[in-house]
Student: 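Just dropping this structure here.
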Number of protein chains: 2
Amino acid sequence: MNKPATIKDIAKQLNISVSTVSRAMRNAPDVNNDTKKAVMALAEELNYQPNRLALSLRQKQTHTIGVIVPNLDYVLSMMVRGIDEVALEAGYTVMVCQSNESFGREIVNTRRLLESLVDGFIISVSSETKSFEHFKKIQERDIPMIVFDRTTPHLTAPTVHLDNEEGGFMATEHLLEQGYKRIAILAGPKNLGISNSRMDGYMNALKKYKIKPDPALMIHCDFNQDYAFFATEELLAMKKRPDAIFTISDRMGIGASLAIKKKGLTMPDDIALVSFNNEPIVSLVTPGISSVEMPSFEMGKAAAKLFIETMHHPEDMSGVERIFKPKLFIRESSQKSLAKKL
Amino acid sequence: MNKPATIKDIAKQLNISVSTVSRAMRNAPDVNNDTKKAVMALAEELNYQPNRLALSLRQKQTHTIGVIVPNLDYVLSMMVRGIDEVALEAGYTVMVCQSNESFGREIVNTRRLLESLVDGFIISVSSETKSFEHFKKIQERDIPMIVFDRTTPHLTAPTVHLDNEEGGFMATEHLLEQGYKRIAILAGPKNLGISNSRMDGYMNALKKYKIKPDPALMIHCDFNQDYAFFATEELLAMKKRPDAIFTISDRMGIGASLAIKKKGLTMPDDIALVSFNNEPIVSLVTPGISSVEMPSFEMGKAAAKLFIETMHHPEDMSGVERIFKPKLFIRESSQKSLAKKL
DNA sequence: TTAGGTTCCGAAAACGTTACCGGTAACGCT
DNA sequence: AGCGTTACCGGTAACGTTTTCGGAACCTAA
């Protein structure tokens with residue numbers, strides 16, 4: 001009914017020009033104090049809200065960051081909170097879109113946000129994504145873009161991610177130190193960078209301990225609990241079954257642990273388990289599952305900071321990488337001494 | 001560097017007017033097929049992306065829904081996914097802002113989105129919120145607003161929520177049926193509607209079974225795991241301690257279970273536990289925790305549908321309520337027979 | 001008095017798009 | 001020949017804001 005008040009309404013009522021009102025609102029120096037007060041007062045009274053669309057159209061920037069994530073699981077929602085935190089601080093609004101791990105949705109989201117809705121992007125690529133044309137379109141337009149968490153070599157952009165290789169290495173070395181020899185790995189889809197890096201770490205650790213990797217113990221499966229469950233069942237059905245499993249995510253770790261329990265085996269005696277992410281859940285199940293932690297919140301903050309930096313100095317930020325270090329939390333699922341204490 | 005192409009560029013290059021280009025892009029009927037093709041082709045070539053800001057400014061609508069949630073925990077992120085789902089389908093983009101359970105952040109977020117960035121709101125109020133002026137400002141401007149999950153009587157708007165009273169009743173009655181008599185409740189802050197409703201259900205169940213509620217067993221504490229832990233410790237330290245606890249969320253349930261374990265008590269024999277939300281985690285801990293489930297995803301979808309309905313028929317939708325029914329999942333923490341089987 | 005500086009304000013263009021109103025040309029019909 | 005339709009297309013205002021330029025009014029100082 002009652003149209004929202006505009007700068008024009010205020011101008012008319014006060015018998016001054018819109019430019020003056022505009023200046024007064026922004027507290028510009030060249031406007032009389034009395035007029036300023038009058039404008040402010042009337043704005044308050046009319047419940048005036050500036051129209052950001054007009055502003056953005058005018059100055060060709062929206063002060064909005066488009067964040068595209070594959071999901072809002074524990075880790076990513078932590079990261080988003082981090083992004084939110086510093087973005088708000090810096091005067092940006094964030095627009096979160098989840099692609100649901102779907103390539104198609106990712107494209108749609110990108111296209112939408114690209115319609116002048118955002119000043120730039122902070123993205124984490126979906127596990128389904130194999131082609132990166134939609135992201136390259138962003139770069140062709142010289143629009144800032146940060147890739148975080150799920151990074152990829154196919155995109156040259158400032159990135160924030162974990163040292164996943166190190167994480168994979170730590171997890172595997174820990175198992176080796178505990179004396180496990182046949183260590184299986186449950187990895188994600190082959191095109192998923194974080195999965196591959198973690199697997200590289202796994203390989204490195206095996207190499208260091210002079211153990212020949214066994215392809216039969218290296219499983220690629222979908223990035224979720226159910227697939228991990230089935231994959232683990234198969235692993236456990238092998239004639240020479242593994243004595244330890246490293247899963248690339250906690251969800252998968254949970255799936256694996258369920259399969260282990262179902263088979264009637266116990267951790268860590270019959271088989272050990274280490275997973276990744278260190279979500280709260282892994283400390284609550286019995287036995288507690290060892291897991292590699294990533295500083296999600298901090299990484300989110302770093303991504304946003306990097307974004308803002310890029311906004312200010314777009315010149316060759318493209319190589320910048322912020323790499324965070326993982327931390328291994330050892331629990332009963334992988335340490336015999338700990339388990340015996342119980 | 002290379003400015004994004006506009007409708008004007010296309011017009012100039014094709015020697016036609018902007019209006020024609022505009023019509024061609026929208027596939028309007030009154031434009032020659034050849035020109036249409038030419039426009040489309042050139043648009044493709046120039047990598048033209050329409051400018052939604054201009055469009056929105058012109059037609060005074062943004063096709064964006066502002067979603068304000070207190071956090072992105074399991075339940076709410078499920079709901080957001082539901083909202084996303086139907087919103088995208090209906091041609092809307094959603095803008096998710098988390099208030100982090102902070103009143104101040106909620107206000108800031110509302111103000112930002114109110115600056116003509118969204119066509120309307122779907123909100124779930126923060127647990128800290130006691131005043132609702134910022135939300136009423138939305139309504140004063142005749143902007144559609146749906147309240148979901150965390151609803152409140154202070155706001156008259158179309159709502160989507162769980163039958164929380166029923167949920168509280170189910171949980172409590174289940175405990176009573178199992179023979180528990182001194183049932184404590186761990187509730188949230190006193191101003192939190194869902195908490196109060198669940199507590200009402202609790203009261204109703206006690207009444208039905210002719211048990212006099214004991215104020216000493218009704219604890220209000222912060223909506224998280226740690227506070228629940230401490231509150232439970234106090235409960236267990238009572239001379240006449242409760243023989244069952246109903247917690248109003250799974251996080252709190254986890255906190256309670258940890259306190260119970262620490263004290264050396266076992267569930268369900270020494271004490272029973274039922275919580276709320278039925279997050280995956282409650283089925284994974286030992287003993288499994290009984291919990292009341294809400295159809296989060298469906299509720300999110302319903303909220304978005306209701307929003308779209310409201311957009312189309314704003315007239316007196318204000319009374320509409322979509323109430324979903326909870327479902328109790330019984331696990332070892334509260335059913336003696338189940339526990340004995342293990 | 002006049003020159004020069006301040007202080008305050010207004011007019012108008014611009015951002016990219018759509019919507020409204022109109023116009024022209026070609027065609028067919030009487 | 002004259003008229004009405006039809007099929008296309010163009011000009012322009014408008015959306016709400018900022019920005020640039022300029023100018024009026026006043027003050028100060030020589």
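We name chains A, B, ... by the order of the sequence lines, and we start the count at 1 in each one. Here the structure is a predicted model, which means the values were calculated and not measured.
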Student: Within the pair Gln59(B) and dT17(C), is there a side-chain N or O less than 4.0 Å away from OP1 or OP2?
Tutor: no
Student: Please report the distance, rounded to the nearest Å, between CG in Leu55(A) and P in dT17(D).
Tutor: 9 Å
Student: Does anything in residues 9-19 of chain A reach DNA chain D, meaning a heavy atom under 4.0 Å, and if so which residues?
Tutor: Ser19(A)
Student: Less than 3.5 Å apart, any donor N or O on the side chain of Thr93(A) or Arg52(A) sitting next to an acceptor on the other?
Tutor: yes
Student: Within the supplied structure, the quantity of interest is the number of heavy atoms (other residues, nucleotides, ligands) at a distance under 6.0 Å from Lys137(A) NZ; does it exceed 12?
Tutor: no
Student: Name the closest nucleotide to the Thr20(B) side chain, picking from dG10(D), dT17(D), dG10(C).
Tutor: dG10(D)
Student: List the atom of Met78(A), the atom of Phe297(A), and the distance in Å for their closest heavy-atom pair.
Tutor: O-CD1, 3.7 Å
Student: Quick one: do the Ser77(B) and Arg81(B) side chains pair a donor with an acceptor below 3.5 Å?
Tutor: no
Student: Just how far, in rounded Å, is C1' of dA14(C) from NZ of Lys60(A)?
Tutor: 10 Å
Student: For Tyr48(B) and dG16(C), what is the distance between atoms OH and P respectively, to the nearest whole Å?
Tutor: 10 Å
Student: Please state how far atom CG in Leu57(A) lies from atom P in dT19(D), giving the value in whole angstrom units.
Tutor: 13 Å
Student: Measure CD1/Ile7(A) against P/dC15(D) and give the value in whole Å, please.
Tutor: 14 Å
Student: For the aromatic rings, using the six-membered ring if either is Trp, is the centroid distance between His134(B) and Phe103(B) under 6.0 Å?
Tutor: yes
Student: Taking only heavy atoms on the protein side, list every residue of residues 21-45 of chain A lying under 4.0 Å from any atom of DNA chain D, sorted numerically.
Tutor: Ser22(A), Arg23(A), Arg26(A)
Student: Is it true that the side chains of Glu128(A) and Ser102(A) contain a donor and an acceptor less than 3.5 Å apart?
Tutor: no
Student: Is any side-chain N of the basic residue among Arg322(B) and Glu298(B) closer than 4.0 Å to the acidic one's carboxylate O?
Tutor: no
Student: Under a 4.0 Å N-O cut-off, is there an ion pair linking Glu89(A) with Lys301(A)?
Tutor: no
